[in-house]
*Asks:* 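Before I ask anything, here is the structure I am working with.
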Amino acid sequence: MEAIKKDKNQQINITLPDGAVREYTAGTTGMEIAESISKSLAKACAMIEVDGHYRDLSRPIEKDASIRLIKRDDKESLEFIRHDCAHVLAEAVQELYPGTQVTIGPNIEDGFFYDFARNEPFTPEDLPKIEAKMKEIIARGNPFVREVWERNDAIDYFRNKGENYKAEIIEDLPEDQTITIYRQGDWLDLCRGPHMPTTKNVGTAFKLMKVAGAYWRGDSNKAMLTRIYGTAWHTQAELDEYLTRLEEAEKRDHRKLGKEMNLFHLQEEAQGSVFWHPKGYTIYNALEQYVRRRLKDDGYQEVRTPQLMHSKFWKQSGHWQKYRGDMFVVPDCLQEGKDDEDVKIEKGADWLALKPMNCPAHVQIFNQGIKSYRDLPIRLSEFGCCHRNEAHGALHGLLRLRQFVQDDAHIFCREDQILSESIKFFTLVQAMYKDLGFNNYKITFETRPEMRVGSDEIWDKAEAALENALKEMGFEYEVCEGDGAFYGPKVGFIIRDAIGREWGCGTLQLDFNLPERLDANYIGEDGNRHRPVMLHRAALGALERFIGIMIENYAGKLPHWLAPVQCVVAPITDEASDYATTIMETLKNKSLRVETDLRNEKINYKIREHSVAKVPYIFVVGKREMEDGTIAIRKLGSQDQTIMSVEDAAAMLSESCEAPY
RNA sequence: GCUGCCGUAGCUCAGUGGUAGAGCGCACCCUUGGUAAGGGUGAGGCCGGGAGUUCAAUUCUCCUCGGCAGCACCA
């Protein structure tokens with residue numbers, strides 16, 4: 001136990017945020033300071049910041065310090081509310097389910113979780129019971145009491161209690177680490193703290209969200225624990241807002257919208273591969289053609305390389321050794337037999353693999369003929385279909401597939417061109433994201449990992465060139481030390497969508513490894529052979545994935561140039577059907593995607609249906625329009641109607657549906 | 001791949017130890033209606049697959065496949 005002694009003779013100076021300095025006896029607690037200022041402040045206080053560090057209000061302050069009192073209502077106390085809530089959750093679980101071991105319970109975005117070890121996992125039905133118990137514990141309002149324990153005492157205590165995970169955590173803590181325990185009533189937990197004064201401060205604006213499995217220490221070879229996710233907020237209003245946000249996100253789910261809008265489907269016979277329906281494939285094509293225009297104008301040459309290649313090729317590239325298990329491999333022989341069991345594969349048959357990526361094939365194209373330094377940079381792009389045998393549990397709609405197409409390209413250049421090529425690519429990505437409506441993205445710079453190829457000298461140069469390019473662009477970026485690929489440093493573009501979720505999309509990766517392995521070279525100015533540097537790059541990543549993100553970002557209301565149907569011409573009575581058809585033909589001749597709706601339905605019905613289908617424009621025509629040669633235009637999301645001549649309407653629609661590039 | 005939950009009509013979902021229901025959609029008929037659902041009639045299901053318990057299984061049990069959530073993975 002930490003001795004708390006107040007030395008009556010020693011005074012300390014406490015500086016408040018406004019600069020005022022007050023004198024207190026050494027050993028005065030944060031709470032006592034708050035009380036000395038005002039009773040109501042003390043009541044509202046949740047935490048104290050002492051010289052820039054959060055501390056429990058109950059801890060004595062021994063020397064001069066600058067402090068700041070933090071109220072429960074302050075924004076920054078949310079993290080304490082959540083963490084305290086996790087402790088309450090753990091206590092509730094152990095009260096209700098004796099024998100359950102506690103492990104860890106950190107905060108995460110929008111909430112917290114706690115991992116438990118229990119023979120029988122929790123089910124969603126357990127959550128209301130646990131919540132009720134939590135409310136009880138919060139109502140008890142037991143103070144959080146901090147205690148400092150001897151390391152071995154702590155290990156013994158938890159071991160004896162059967163809390164083997166906690167004991168293991170303490171054993172793994174550095175020798176000089178102070179072991180602190182937080183007690184709330186009869187229950188206690190190992191915790192670094194700090195905590196708010198009592199469990200009552202957690203409040204009631206919390207909710208347990210879901211249960212799930214999670215590996216101990218995030219290691220799939222270790223035991224699977226059961227994790228309970230929860231969320232907690234300052235007020236019920238904030239909690240409600242959060243829950244509404246989740247509902248909104250659910251409505252935007254691209255799998256749901258994809259079905260509703262008849263864009264694509266997935267089925268079990270082709271797990272992880274998309275069946276694009278006509279409407280969905282219209283989006284896909286429009287996007288691909290946009291990228292194609294962009295790349296062509298940026299000096300890329302499009303190529304197409306084989307789908308199936310021999311294993312020796314993948315062995316040479318190094319993929320076989322590293323990714324054999326994740327590749328789709330087929331024997332290169334005629335297979336005897338009709339049923340699965342009968343199929344005989346010729347012994348010693350060669351193996352072919354479906355390509356998991358395009359890069360080694362691009363090196364083959366580069367390697368044809370002799371390249372001069374004057375030929376560089378060479379930029380080869382390919383909308384190549386790649387297959388990766390992703391784990392079943394990883395598959396997720398369009399966002400994680402086994403078969404996908406990236407807007408992939410590889411740039412072969414000299415070392416002295418890395419900077420300019422990087423800048424060129426960054427400029428392109430920036431322009432493309434702007435075109436596609438993503439103005440909110442973050443950039444990561446990932447540096448050399450421990451396991452890597454290439455000399456430190458090359459890494460120094462490569463990292464410097466990439467980072468310089470980022471700086472020249474004026475980008476703000478987050479440095480992720482050691483996260484780079486084994487073959488070179490990486491830059492990642494992570495898009496933030498309309499509801500704040502993040503998706504890794506674009507990437508630029510320097511590669512010193514593959515040109516070496518596949519013996520790519522060019523003749524330099526000096527007449528000698530040199531290794532080109534290879535830049536792997538994608539702006540959107542997998543097109544399928546990007547479309548999924550766009551659907552969610554736009555909640556299905558895609559930019560007009562991508563909308564599968566840009567306009568529906570809907571007659572009010574069948575008297576106007578011919579007129580509607582004529583208009584459709586006129587618009588189709590302008591390469592617009594237009595349909596008519598000649599069904600025997602009321603105009604209300606048609607409006608509703610096409611609005612729900614998120615068609616950007618409905619051109620309504622009745623007797624009046626037919627006589628005047630006009631159209632009544634209704635734009636998606638608006639109740640108004642605008643009357644225009646057919647000519648003006650066609651011009652308006654053309655302009656509105658024009659691609660950004 | 002791991003843990004948990006789920007699998008009933010084209011879609012969304014209800015339901016029962018005695019072989020099944022709703023709404024939407026679809027087909028046909030009536031209706032020709034001016035900006036977010038007009039009315040009627042009808043068709044449509046091996047209750048994911050296999051095995052077991054039972055006189056009887058869509059319902060209970062086990063296995064398997066698939067979906068979902070999370071974890072792990074993501075060249």
Side-chain angles (χ1 to χ4, degrees), chain A residues 108 113 115 118 120-126 209-229 250 253 255-256 259-260 262 265-271 314 317-327 355-360 386 388-397 399-402 404 406 408 485-488 490 504 507 509 511 513-514 536 541-542 545 570-577 599-613 618-625 632-643:
Chain A
I108 49 171
F113 66 75
D115 285 349
R118 182 174 176 235
E120 198 186 329
F122 297 105
T123 67
E125 288 78 61
D126 295 324
M209 304 300 288
K210 56 195 169 198
V211 293
Y215 296 109
W216 168 233
R217 302 222 143 142
D219 183 343
S220 58
N221 297 313
K222 295 203 161 87
M224 169 109 357
L225 308 172
T226 140
R227 175 173 295 181
I228 297 180
Y229 283 92
E250 216 169 294
D253 190 314
R255 293 165 299 183
K256 188 172 141 76
K259 200 182 277 182
E260 281 170 16
N262 193 12
H265 84 269
L266 300 159
Q267 66 184 52
E268 60 178 280
E269 292 81 358
Q271 285 169 49
W314 298 110
S317 73
H319 290 93
W320 196 265
Q321 296 82 326
K322 202 163 184 289
Y323 297 111
R324 167 71 180 80
D326 301 321
M327 287 163 74
K355 67 173 165 187
M357 50 184 8
N358 303 304
C359 32
C386 294
R388 295 179 188 175
N389 197 351
E390 305 283 5
H392 284 78
L395 301 175
H396 181 93
L399 301 185
R400 191 78 180 272
L401 293 164
R402 285 175 155 179
F404 56 90
Q406 286 168 295
D408 196 17
F486 73 92
Y487 49 74
K490 283 205 272 205
T507 178
Q509 308 176 5
D511 187 350
N513 179 48
L514 209 52
H536 304 247
R545 176 178 162 85
I572 290 169
T573 68
D574 51 16
E575 218 180 355
S577 286
R599 292 175 304 171
N600 175 17
E601 296 292 351
K602 288 193 171 177
I603 195 62
N604 280 341
Y605 184 89
K606 295 181 186 180
I607 297 273
R608 178 183 151 78
E609 188 152 287
H610 300 118
S611 299
V612 168
I618 302 169
F619 284 7
V620 178
V621 291
K623 203 174 166 194
R624 285 206 298 270
E625 287 75 19
I633 298 169
R634 184 178 164 126
K635 200 175 164 181
L636 182 62
S638 157
Q639 243 82 296
D640 304 335
Q641 40 179 315
T642 316
I643 309 293

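This one's a predicted model, so the numbers in the text were calculated from it and none came from an experiment. Here is how names work: the chains are called A, B, and so on, in the same order as the sequence lines, proteins then strands, and each is numbered from 1.
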*Asks:* Which nucleotide sits closest to the side chain of A/Pro124: B/rA75, B/rC5, B/rU3?
*Replies:* B/rC5

*Asks:* Does the B/rU35 base have a donor-acceptor partner in the side chain of A/Asn604 within less than 3.5 Å?
*Replies:* no

*Asks:* Test the A/Lys222-A/Tyr215 pair against the cation-pi criterion, namely NZ or CZ under 6.0 angstrom from the six-membered ring centroid and within 45° of the ring axis.
*Replies:* no

*Asks:* Remember a base hit wins even if backbone is also touched, and classify A/Gly504 as base, sugar-phosphate or nothing at under 4.0 Å, heavy atoms.
*Replies:* nothing

*Asks:* Measure the distance from CG on A/Asn600 to P on B/rG34 and round it to the nearest whole Å.
*Replies:* 14 Å

*Asks:* From the set B/rU35, B/rC71, B/rA72, return the single nucleotide nearest to any side-chain atom of A/Ala214.
*Replies:* B/rC71

*Asks:* Which one, B/rA36, B/rC5, B/rU35, comes nearest to the side chain of A/Val612?
*Replies:* B/rA36

*Asks:* Side chain of A/Ala391 only, heavy atoms from C-beta on: which candidate in B/rG67, B/rA72, B/rA69 is closest?
*Replies:* B/rA72

*Asks:* Which nucleotide, if any, forms a Watson-Crick or G-U wobble pair with B/rC2, using both distances under 3.5 Å?
*Replies:* B/rG70

*Asks:* Sticking with atom C1', work out how far B/rC24 lies from B/rG66, rounded to a whole angstrom.
*Replies:* 25 Å

*Asks:* Return the value, rounded to whole Å, for the distance between atom CH2 of A/Trp216 and atom P of B/rU3.
*Replies:* 19 Å

*Asks:* If the threshold is 4.0 Å, N to carboxylate O, is there a salt bridge linking A/Asp253 and A/Arg255?
*Replies:* yes

*Asks:* For B/rU35, give the paired nucleotide (Watson-Crick: N1-N3 plus N6-O4 or O6-N4; G-U: N1-O2 and O6-N3; both under 3.5 Å), or none.
*Replies:* none

*Asks:* Which nucleotide in the set B/rC71, B/rG66, B/rG34 lies at the smallest distance from any side-chain heavy atom of A/Tyr215?
*Replies:* B/rC71

*Asks:* Heavy atoms under 4.0 Å, any strand shown: does A/Glu575 hit a base, just sugar-phosphate, or nothing?
*Replies:* nothing

*Asks:* Look at all strands and tell whether A/Ile603 reaches a base, only sugar-phosphate, or nothing, counting heavy atoms closer than 4.0 Å.
*Replies:* sugar-phosphate

*Asks:* Indicate, with a heavy-atom threshold strictly under 4.0 Å, whether A/Lys606 touches base, sugar-phosphate, or nothing.
*Replies:* nothing

*Asks:* Between B/rC65 and B/rG10, how far is it from one P atom to the other, in whole Å?
*Replies:* 25 Å

*Asks:* So what does A/Asp326 touch, heavy atoms closer than 4.0 Å: a base, only the sugar-phosphate, or nothing?
*Replies:* base

*Asks:* I'd like the P distance from B/rC13 over to B/rU54, given in whole Å.
*Replies:* 36 Å

*Asks:* Expressed in angstrom and rounded to an integer, what is the separation of A/Met224 atom CE from B/rC2 atom P?
*Replies:* 9 Å

*Asks:* For B/rA9 versus B/rG21, give the span between their P atoms, rounded off to a whole number of Å.
*Replies:* 14 Å

*Asks:* Can you tell me if the side-chain N/O atoms of A/Tyr605 get under 4.0 Å from OP1 or OP2 in B/rG25?
*Replies:* yes

*Asks:* Rounded off to whole Å, could you give me the CD-to-P distance for the A/Glu390 and B/rA75 pair?
*Replies:* 9 Å

*Asks:* Classify A/Pro121 by what it touches in the nucleic acid, base, sugar-phosphate, or nothing, heavy-atom distance under 4.0 Å.
*Replies:* sugar-phosphate

*Asks:* With both distances under 3.5 angstrom, what nucleotide forms a Watson-Crick or G-U wobble pair with B/rA75?
*Replies:* none

*Asks:* Taking atom C1' in both B/rA51 and B/rA14, compute the distance separating them and give it to the nearest angstrom.
*Replies:* 29 Å

*Asks:* Has A/Tyr229 got a side-chain N or O lying under 4.0 Å from the OP1 or OP2 atom of B/rC71?
*Replies:* yes

*Asks:* Are any of A/Arg634's side-chain N or O atoms less than 4.0 Å away from OP1 or OP2 of B/rG34?
*Replies:* no

*Asks:* Hey, is the side chain of A/Glu625 pairing donor to acceptor with the base of B/rG34 inside 3.5 Å?
*Replies:* yes

*Asks:* My understanding is that a pair needs two contacts under 3.5 Å, Watson-Crick or G-U wobble. By that rule, which nucleotide pairs with B/rA56?
*Replies:* none

*Asks:* Work out how far the C1' atom of B/rA57 is from that of B/rG52, and round it to whole angstrom.
*Replies:* 11 Å

*Asks:* How close or far is atom C1' of B/rG48 from atom CD of A/Glu268, stated in whole angstroms?
*Replies:* 7 Å

*Asks:* Could you tell me the separation between the CD atom of A/Glu601 and the P atom of B/rG34, rounded to a whole number of Å?
*Replies:* 15 Å

*Asks:* Measuring to OP1 and OP2 of B/rA75, would you say a side-chain N or O of A/Gln509 lies under 4.0 angstrom away?
*Replies:* no

*Asks:* Going by modelled atom types, is there a donor-acceptor pair between the base of B/rC74 and the side chain of A/Arg402 at under 3.5 Å?
*Replies:* no

*Asks:* From the list B/rA75, B/rC74, B/rU35, which nucleotide is the closest neighbour of the side chain of A/Arg400?
*Replies:* B/rC74

*Asks:* Going from NZ on A/Lys635 to OG on A/Ser611, what distance comes out if it is rounded to the nearest 0.5 angstrom?
*Replies:* 13.5 Å

*Asks:* What I want to check is whether the side chains of A/His319 and A/Gln321 have a donor and an acceptor closer together than 3.5 Å.
*Replies:* no

*Asks:* Output the single nucleotide from B/rG70, B/rG34, B/rA75 whose closest atom is nearest the side chain of A/Met327.
*Replies:* B/rA75

*Asks:* So if I take every side-chain heavy atom of A/Asp574 and compare against B/rU32, B/rA36, B/rU12, which nucleotide ends up nearest?
*Replies:* B/rU32

*Asks:* Is the shortest side-chain N/O distance from A/Arg624 to OP1 or OP2 of B/rU35 below 4.0 Å?
*Replies:* no

*Asks:* Cation over ring, A/Arg402 on A/Phe404, under 6.0 Å and within 45°?
*Replies:* no

*Asks:* Under 3.5 Å for both donor-acceptor distances, Watson-Crick or wobble: does B/rG7 have a partner, and if so which one?
*Replies:* B/rC65

*Asks:* Mark yes or no for a side-chain to base donor-acceptor pair under 3.5 Å between A/Asn262 and B/rG10, with no hydrogen or angle criteria applied.
*Replies:* no

*Asks:* With side-chain hydrogen bond (donor to acceptor under 3.5 Å, both in side chains) as the test, would you mind laying out the steps for A/Lys259 and A/Asn262 before giving the verdict?
*Replies:* CA-CA 5 Å; A/Lys259 200 182 277 182; A/Asn262 193 12; over 6 Å; no

*Asks:* Can you confirm whether A/Leu401 sits close enough to A/Arg545 that some side-chain heavy atom of one is under 4.5 Å from a side-chain heavy atom of the other?
*Replies:* no

*Asks:* Which base, if any, makes a Watson-Crick or G-U wobble pair with B/rG42, both distances under 3.5 Å?
*Replies:* B/rC26

*Asks:* Please tell me if the side chains of A/Phe113 and A/Ile228 come closer than 4.5 Å, counting only heavy atoms from C-beta onward.
*Replies:* no

*Asks:* Side chain of A/Ala394: nearest nucleotide among B/rA72, B/rG4, B/rC30?
*Replies:* B/rA72

*Asks:* Whole angstrom is fine here: how far is it from OH in A/Tyr323 over to P in B/rG1?
*Replies:* 20 Å

*Asks:* Any base atoms under 4.0 Å from A/Thr573, or only sugar-phosphate, or nothing? Heavy atoms, all strands.
*Replies:* base

*Asks:* Send over the distance from A/His392 NE2 to B/rC65 P, rounded to a whole Å.
*Replies:* 8 Å

*Asks:* For B/rC71 and A/Lys222 - does any side-chain N or O of the residue sit under 4.0 Å from the phosphate oxygens OP1/OP2?
*Replies:* no

*Asks:* Got a salt bridge between A/Asp326 and A/Arg388, using NZ or NE/NH1/NH2 to carboxylate O under 4.0 Å?
*Replies:* no

*Asks:* Base, sugar-phosphate alone, or nothing: which one does A/His610 contact when heavy atoms must sit under 4.0 Å apart?
*Replies:* nothing

